[in-house]
Amino acid sequence: MTTTNGFLDLLRELLAPLGTITIRKMFGGASVYADGVMFALVDDDALYLKADDATKARYEAEGLLPFTYEGKTKPVSMSYWRAPERLYDDAEEMAEWAREAIAAARRAKSKPAPVKERGAISSAPRAKSKQTTRKM
């Protein structure tokens with residue numbers, strides 16, 4: 001993941017109509033926040049916007065792909081999709097797509113986190129451990 005300061009400056013300018021935008025560099029790329037909610041990430045001078053079930057079809061219809069990184073055993077896709085190139089030349093349309101991404105990020109933030117299974121959980125009561133006392 002890499003990104004340039006010039007690209008981040010362009011994003012700040014394009015996203016300024018949305019209010020307080022914070023960009024934090026991370027892992028060679030950057031994360032983009034609106035009012036503390038991460039709604040986009042940047043990698044190799046490309047913007048990826050947050051999508052969910054309500055907005056993902058729009059990205060798919062444009063032939064865009066999700067952000068993917070190499071996991072320990074296989075590639076991992078995230079819920080951030082590449083923004084169309086034309087948005088960099090159209091501040092109004094960029095703001096529209098970014099507002100949708102912010103809404104998707106807020107919806108995701110309000111959902112409870114899924115519980116990860118780590119194995120079977122027994123409902124049987126635990127056996128009490130025996131304490132051994134040595135006499136000396």
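All values below come from the heavy atoms of this structure, side chains included, with hydrogens, waters and symmetry mates left out.
- Here CG of Leu11 is found 6.0 Å from CE of Met94. Values are rounded to the nearest 0.5 Å.
- Ion pair Arg82/Asp44 not flagged as a salt bridge, since none of the NZ, NE, NH1 or NH2 atoms sits closer than 4.0 Å to an Asp/Glu carboxylate oxygen.
- Considering every non-hydrogen atom in both Ala95 and Leu18, the closest pair reads O-CD2, 3.9 Å.
- For the pair Tyr80 and Val32, the minimum side-chain heavy-atom distance is 4.5 Å or more.
- Separation of atoms CG (Leu64) and NZ (Lys56) is listed at 13.5 Å; rounding is to 0.5 Å.
- For Asp45 (side chain) and Thr4 (main-chain N/O), a donor-acceptor pair under 3.5 Å exists by modelled atom type.
- Side-chain contact check for Ser79 versus Lys50: some heavy-atom pair is nearer than 4.5 Å.
- Considering CG of Leu41 and OH of Tyr33, their distance stands at 9.5 Å, rounded to 0.5 Å.
- Residues Pro17 and Leu14 come closest through the heavy atom pair CD-O, 3.4 Å.
- With a 4.5 Å cut-off on side-chain heavy atoms, Arg12 and Ile23 count as touching.
- Within a 6.0 Å radius of CD in Glu96, more than 12 heavy atoms belonging to other residues, nucleotides or ligands are found.
- Val42 is not connected to Val37 by any chain of hydrophobic side-chain contacts under 4.5 Å among Ile, Leu, Val, Met, Phe, Trp and Tyr, and they are in different clusters.
- Tracing side-chain contacts under 4.5 Å through hydrophobic residues (I, L, V, M, F, W, Y), one never reaches Val76 starting from Leu65; they form parts of separate clusters.
- Heavy-atom contacts from other residues, nucleotides or ligands closer than 6.0 Å to CD of Glu70 number more than 12.
- Going from atom CZ of Arg106 over to atom CG of Asp35 covers 6.0 Å, rounded to the nearest 0.5 Å.
- Of all the heavy atoms in Tyr88 and Leu47, the pair that sits closest is OH-N, 3.0 Å.
- Between Trp81 and Tyr59, the ring planes are tilted. Angles from 30° to 60° get that label.
- No side-chain heavy atom of Arg107 sits under 4.5 Å from any side-chain heavy atom of Asp53.
- Between the side chain of Asp52 and the backbone N or O of Thr55 there is at least one donor-acceptor pair closer than 3.5 Å.
- Contact check on Arg86 versus Asp89 returns no salt bridge, with no Lys/Arg side-chain nitrogen under 4.0 Å from an Asp/Glu carboxylate oxygen.
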Go through the steps to decide whether Leu15 and Phe39 satisfy the test side chain to side chain contact (heavy atoms under 4.5 Å, CB included), and finish with yes or no. CA-CA 12 Å; Leu15 299 172; Phe39 73 95; 4.0 Å; yes

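- Expressed to the nearest 0.5 Å, how far CG of Asp43 lies from CZ of Phe67 amounts to 4.5 Å.
- Closest heavy-atom contact between Ala83 and Leu49: CB-CD1, 4.0 Å.
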